[in-house]
Amino acid sequence: MDELDIMELKYLKSLARLYPDIATASTEIINLQAILNLPKGTEHFMTDIHGEYEQFNHVLKNGSGAVRRQIDEEFGNTLSSKDKKLLATLIYYPYEKLDIVSREEDNIEDWYKITLHRLVQITKRAASKYTRSKVRKALPEDFAYIIEELITEKFDISDKEGYYNEIIHTIIRIGRAPDFIVAMSNLIQRLVVDHLHIVGDIYDRGPGPHIIMDTLMNYHSVDIQWGNHDIVWMGAACGHLACIATVLRVAARYGNLDTIEDGYGINLIPLATFALDTYQDTDCKVFTIKYNTDYNTKDLSMDMKIHKAMAIIQLKLEGQVIRKHPEFEMDGRLLLDKINYEKKTVAIDGKEYAMRDTDFPTVNPDDPYALSPDEEQMMARLQQAFLKCEKLQKHVRFLYSNGGLYKIHNSNLLYHGCMPLDEEGNFKAVNVDGKNYRGRALYDVLDNYARKGYYAKNDPSGMRKAQDYIWYIWAGPNSPVFGKDKMATFERYFIEDKETHKETKNSYYSMLDDEKVVNRILEEFGLDKKKSHIINGHVPVELKKGETPIKCDGKLLVIDGGFSRAYQSKTGIAGYTLVANSHGMRLVAHEPFESTESAILHESDIFSDSTVVETVPARIRVSETDIGAELRETIKQLEQLLAAYRDGIIVEK
């Protein structure tokens with residue numbers, strides 16, 4: 001027996017532990033073959049959530065409108081609009097809605113009976129595209145048997161209605177109706193979304209990225225393509241000082257320091273003390289706070305000081321990284337040493353610009369990129385706080401284990417930013433540690449550096465270099481997740497002339513409708529240009545200016561519609577969800593979400609407008625998906641195991 005046969009036999013013996021005889025192996029083959037013929041599960045794609053946890057959670061709960069569609073399809077005109085709204089809200093927020101109903105309803109037992117029957121009908125509909133085995137795995141443990149009885153058609157019972165009524169009557173009689181309603185509602189939420197893709201930027205701007213991360217960690221099936229804002233938090237969790245400074249500056253700018261202090265439990269007293277002492281008599285009016293309605297304005301003066309303190313520290317630390325890495329080609333970002341303090345100007349590309357602020361108490365003009373002793377001490381304390389923050393480390397490990405710079409899934413290529421291109425539309429060569437990379441290889445090498453920056457603890461110098469590359473992925477001109485010539489942080493703060501604020505996008509963004517370019521990218525990742533799509537985030541689609549998220553006749557979809565409140569006035573909507581199911585693809589545009597409280601009290605859902613991107617002539621089956629390919633491989637191996645049993649090569653147990 002040659003080496004390959006020996007390896008195959010070892011694998012088959014291992015497989016035999018799971019399927020110890022012909023009967024069990026045969027049953028599994030039949031089960032898997034049945035799954036291949038089912039309609040594919042529904043995938044949801046969301047991007048650029050930016051901490052807007054209430055809207056994100058609501059869209060997840062309502063399945064981008066799927067729950068309401070199931071209710072409409074199941075009940076049609078037999079339910080009033082009011083009853084449909086109540087049922088939908090109950091499915092989204094069962095605990096909260098039950099509390100209100102129990103106080104307002106005169107005959108709660110009748111209400112339980114009617115509601116349980118309706119939930120059973122919706123659960124049956126939502127479960128109809130899955131195998132009984134898959135539904136069983138999704139069932140809540142306490143009620144698994146009862147729910148399965150209620151949603152499984154009984155052909156051998158003459159009085160089916162009486163049988164189901166008796167189960168429901170018993171649930172109510174023994175006081176389990178509220179718990180059962182919660183379990184059914186959560187099950188429906190789970191069944192309407194089979195798999196969730198987050199195409200980057202969970203962090204920054206909004207108040208609750210930590211809440212979103214908790215939700216994702218408990219979600220049944222999810223993957224994440226890192227955005228630049230996720231990357232900078234990952235760098236901060238690695239202890240990279242420039243990334244920590246950036247995270248803190250952005251949090252201060254958007255009035256979200258509570259996310260770091262309360263959400264992650266990181267002590268910011270050393271930062272507040274430093275900022276209040278150092279910037280006590282300093283002009284901070286340039287460093288305004290873009291706060292939302294929840295912001296406590298009594299903190300405004302202190303937060304402006306923190307904002308300025310972190311901006312200066314960030315510029316210093318970035319300068320140190322840029323000078324250490326000439327291959328980054330970012331010398332144009334070294335501006336602290338170009339300031340003329342007497343004239344209050346700065347020289348950029350040979351031209352002098354007036355500055356709005358030059359009151360920098362910690363900047364030494366002779367060595368502008370050096371931290372002051374107090375800054376150094378304070379940043380060292382913050383670094384330890386980020387490194388030792390258990391919750392942040394847990395969230396970042398989840399980003400690493402469930403994410404990457406790109407993903408290929410069911411003939412779709414998912415990435416957050418762009419494929420760096422030159423002006424002719426060719427893949428741009430980018431110097432990474434002395435070697436040029438382009439196309440998919442650039443993504444792969446940067447993904448590798450991002451992982452090394454967190455995990456390579458046995459190689460401290462290599463780990464530090466990798467962390468500098470994490471910072472480059474956040475803001476570098478040829479980074480796939482940034483995709484602009486510069487991040488004009490300095491200019492936006494200090495220079496009035498708005499021409500200097502301009503950040504030029506990579507050529508990629510002017511070629512989104514060029515089919516040759518899009519096909520070349522798909523082929524670079526081994527995808528069929530005739531049936532594949534690129535799904536993209538990062539740059540908000542300004543719908544109110546007539547922009548469309550559907551590019552290149554539907555081959556490329558830019559699905560950043562402004563989940564972040566900071567962008568909603570620009571986009572005209574409040575985010576997109578791309579939904580891919582067995583019938584094709586639809587793009588769902590969401591209206592702004594008022595609040596969770598309003599959704600519960602007034603049953604106000606998010607209005608979502610749906611656009612069909614692509615329909616298929618015949619329903620897509622599991623056999624046509626990536627999971628289908630895995631199942632076919634498993635069937636092949638099980639058939640080899642059957643042959644080995646029948647030939648006596650492996651003995652049945």
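Only heavy atoms go into these numbers, but all of them, side chains included; no hydrogens, no water, no symmetry mates.
Checked against side-chain contact (heavy atoms from CB on, under 4.5 Å), D528 has the following partners two or more places apart in sequence or in another chain: K530, K531, S532. E515 pairs by the salt bridge (charged side-chain N to carboxylate O under 4.0 Å, His left out) definition with K555, not counting sequence neighbours. Not counting sequence neighbours, the partners of I620 by the side-chain contact (heavy atoms from CB on, under 4.5 Å) test are K40, V616, E624. Partners of H197 under the ring-ring contact (aromatic ring centres under 6.0 Å, His included) rule, at least two apart in sequence or in another chain, are F45, H195, H409. In this structure, Y508 has no ring-ring contact (aromatic ring centres under 6.0 Å, His included) partners at least two apart in sequence or on a different chain. Under the ring-ring contact (aromatic ring centres under 6.0 Å, His included) criterion, Y219 pairs with no residue, sequence neighbours left out. Applying the salt bridge (charged side-chain N to carboxylate O under 4.0 Å, His left out) rule to D337 yields no partners; only residues at least two apart in sequence or on another chain are considered. In this structure R323 satisfies the salt bridge (charged side-chain N to carboxylate O under 4.0 Å, His left out) test with no other residue, sequence neighbours excluded. Evaluation of the side-chain contact (heavy atoms from CB on, under 4.5 Å) rule for N448 yields no partner, not counting sequence neighbours. For the ring-ring contact (aromatic ring centres under 6.0 Å, His included) test, no residue two or more places apart in sequence or in another chain qualifies with Y369.
Among residue pairs with one or both ends in residues 320-340, those qualifying as ring pair (Phe, Tyr, Trp, His ring centres under 6.0 Å) are H325-F328, H325-Y469, F328-Y469, F328-Y472; sequence neighbours excluded. The stretch residues 460-477 participates, sequence neighbours left out, in these salt bridge (charged side-chain N to carboxylate O under 4.0 Å, His left out) pairs: K324-D468, D433-K465.
For CZ of R356, the number of neighbouring non-hydrogen atoms (other residues, nucleotides, ligands) closer than 6.0 Å is greater than 12.
The cationic group of K457 lies under 6.0 Å from the six-membered ring centre of Y454 and within 45° of the ring axis, placing it in a cation-pi geometry.
Looking at Q320, Q314, K316 one by one, the single match for side-chain hydrogen bond (donor to acceptor under 3.5 Å, both in side chains) with E318 turns out to be Q314.
Between Y400 and W226, the ring center distance clears the sub-6.0 Å criterion.
Judged purely by distance below 3.5 Å, without hydrogens or angles, the side chains of E390 and Y264 never pair a donor atom with an acceptor atom.
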